[in-house]
Amino acid sequence: MSTPRYDVDAIRAQFPILSEPVRGGRLAYLDNAATTQKPDAVLAAIDDYYRHKNANVHRAVHDLAERATTAYEGARDRIARWFHAAREQIVFTRGTTEAINLVAYSFLRPRLQPGDEVLLTGMEHHSNIVPWQLVAREKGARVVAAPVLDDGSLDFDGWTALLNERTRFIAVVHVSNSLGTVNPIDRMIAAAKARGIPVLVDGAQSIAHLAIDFPALGADFLTCSAHKAYGPTGFGCLVGRREHLDAMPPWHGGGDMIRTVSFEESTWNEAPYRFEAGTPDMAGAVGFAAALDWIESVGLDAIAAHEHRLLVEGTALLADIPGLRMIGTAKNKGGVMSFVMTVGHAQDIGTILDQYGVAVRTGHHCTMPLMARFGVPATVRASLAAYNNRDDLDQLAMALRKASRLLA
Ligand code: PMP
């Protein structure tokens with residue numbers, strides 16, 4: 001059986017913003033690791049929610065409140081299915097950052113003793129460093145980071161060597177936002193489990209590119225952000241093992257997270273509601289569910305294969321640009337091309353690319369320790385999604401040649 005052709009034109013046609021002129025010309029949107037664009041199906045789901053279903057959830061008996069609750073809790077079912085998890089395992093958050101903070105404060109903080117260690121890797125996003133630092137500092141514990149090899153992959157032996165009886169928790173990025181490196185999380189989780197150490201996987205950069213079966217993975221927690229997977233901004237979730245979530249105390253107080261309240265004492269709702277204080281982002285949940293439906297309709301494997309083809313083509317195009325050095329060349333790598341150029345600073349290159357309609361990210365990408373590891377203050381990062389095509393890569397290469405000439 002032959003596999004169906006990947007119709008990138010038909011996919012592009014579903015993303016209205018891709019035909020938006022920028023600087024008076026064609027947009028080559030290559031800033032997908034920062035945030036992805038949204039297809040019609042997601043925009044329509046959010047619009048439909050506000051036009052036909054909006055009311056506050058969980059609290060009223062009227063028709064609209066019922067529709068809102070059905071839409072919101074239906075989204076939880078849909079998102080749970082994506083991870084092969086139960087609905088009770090899905091805690092809605094504002095995104096990866098909030099989900100990591102939730103685990104740091106509600107799960108780790110009560111367990112952390114002076115002298116304990118939280119083991120990270122040298123390629124973590126600041127969101128997967130700072131929350132651990134905050135609780136570690138308070139408890140007299142410390143954060144330890146495993147080394148990264150020259151190709152941008154994890155030094156697995158170096159990581160293993162840091163595992164010891166003081167290691168209380170492990171957090172690791174699944175796919176590096178700065179380099180695209182895919183970490184060997186299966187092996188890492190197996191090693192952690194053998195020692196009984198809980199593991200959090202930062203899935204911000206992976207859920208739109210790699211299938212994740214949460215129970216099979218064996219991690220204790222996984223975090224994600226809808227906006228990096230064609231969904232709305234400010235929404236995401238924590239996926240957690242039930243026995244952890246059931247035992248964890250609340251971390252934000254307010255409406256919806258309680259069972260009873262009196263001035264003497266309050267009691268808590270069950271997980272996941274215990275962690276969802278206040279009126280939630282109903283439209284966010286609906287939009288995220290629609291985004292996952294959209295990914296499924298195209299096929300996650302087909303998207304990943306398309307991005308890989310573009311990564312290979314793009315890497316070859318960039319290799320021909322004089323003075324360009326790729327940072328992050330790991331064998332197992334997602335659709336990220338991070339590089340520096342001898343002609344000038346990443347910021348100046350990015351500014352010139354923008355003049356030619358090429359949207360890339362320049363800077364430290366919220367991974368300052370990783371930039372320090374490679375001895376660069378910043379990189380230019382082009383990152384891929386389902387709707388990118390060869391024209392985007394050619395436009396990038398053309399603009400880089402212009403930048404080389406202008407800055408020389
Ligand atoms: N971790 C990684 C690897 C990321 O790429 C990002 C977003 N750049 C985050 C965490 C934080 O995600 P958010 O800002 O959506 O909370």
Side-chain angles (χ1 to χ4, degrees), residues 29-38 79 91-105 118 120-134 143 145-146 148 152-154 170-183 185 188 199-210 212 219 221-239 252 275 281 284-285 287-288 291-292 307 327-328 330 332-338 359-371 373 378-385:
Y29 187 77
L30 292 165
D31 196 15
N32 295 290
T35 199
T36 54
Q37 300 301 347
K38 322 303 171 199
I79 294 160
V91 181
F92 288 155
T93 66
R94 287 192 293 120
T96 301
T97 302
E98 190 178 61
I100 294 174
N101 276 276
L102 196 172
V103 176
Y105 282 91
V118 180
L120 310 177
T121 77
M123 66 182 95
E124 300 308 318
H125 188 279
H126 296 165
S127 291
N128 204 22
I129 301 174
V130 181
W132 311 118
Q133 271 176 339
L134 287 171
V143 161
V148 172
S153 62
L154 178 70
I170 291 169
V172 56
V173 68
H174 191 179
V175 177
S176 157
N177 62 306
S178 295
L179 307 180
T181 307
V182 181
N183 275 314
I185 56 169
M188 297 170 86
V199 181
L200 176 140
V201 175
D202 170 357
Q205 294 293 339
S206 61
I207 67 152
H209 311 278
L210 298 169
I212 295 176
F221 300 101
L222 178 104
T223 60
C224 66
S225 302
H227 72 97
K228 306 218 191 248
Y230 313 104
T233 53
F235 194 81
C237 69
L238 169 70
V239 191
H252 286 161
F275 307 108
D281 183 357
F288 190 18
L292 297 180
E307 290 168 351
I327 311 268
N332 198 1
K333 188 178 158 179
V336 174
M337 292 170 277
S338 226
V360 292
R361 183 123 315 218
T362 57
H364 52 64
H365 318 295
C366 293
T367 53
M368 286 174 113
L370 186 63
M371 295 294 115
R373 155 68 181 84
T379 71
V380 181
R381 180 188 69 187
S383 50
L384 303 164

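Counting starts at 1 for both ligands and their atoms, following the listed order. Being a predicted model, the structure only gives us computed values, none of them experimental.
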List, pair by pair, the atoms of ligand 1 and of the protein that are both N or O and lie under 3.5 Å apart, giving the separation rounded to 0.1 Å.
{"residue": "ligand 1", "atom": "1 (N)", "partner": "Asp202", "partner atom": "OD1", "Å": "3.4"}
{"residue": "ligand 1", "atom": "1 (N)", "partner": "Asp202", "partner atom": "OD2", "Å": "2.6"}
{"residue": "ligand 1", "atom": "5 (O)", "partner": "Gln205", "partner atom": "NE2", "Å": "2.7"}
{"residue": "ligand 1", "atom": "8 (N)", "partner": "His125", "partner atom": "NE2", "Å": "3.2"}
{"residue": "ligand 1", "atom": "8 (N)", "partner": "Lys228", "partner atom": "NZ", "Å": "2.7"}
{"residue": "ligand 1", "atom": "15 (O)", "partner": "Ser225", "partner atom": "OG", "Å": "2.7"}
{"residue": "ligand 1", "atom": "15 (O)", "partner": "His227", "partner atom": "NE2", "Å": "2.8"}
{"residue": "ligand 1", "atom": "16 (O)", "partner": "Thr96", "partner atom": "N", "Å": "3.4"}
{"residue": "ligand 1", "atom": "16 (O)", "partner": "Thr97", "partner atom": "N", "Å": "2.9"}
{"residue": "ligand 1", "atom": "16 (O)", "partner": "Thr97", "partner atom": "OG1", "Å": "2.6"}

Whether Phe288 and Phe235 hold their rings parallel, tilted or perpendicular, with breakpoints at 30° and 60°: perpendicular
Selection residues 199-209 - residue pairs positive for side chain to side chain donor-acceptor pair (under 3.5 Å), sequence neighbours left out: His174-Ser206, His209-Glu307
Under the side chain to side chain donor-acceptor pair (under 3.5 Å) test, residues paired with His125 that sit two or more places apart: Ser127
Under the side chain to side chain donor-acceptor pair (under 3.5 Å) test, residues paired with Asn101 that sit two or more places apart: none
Heavy-atom side-chain proximity of Glu98 to Leu238 below 4.5 angstrom: no
Neighbour count above 12 (heavy atom, 6.0 Å) for Arg94 CZ: no
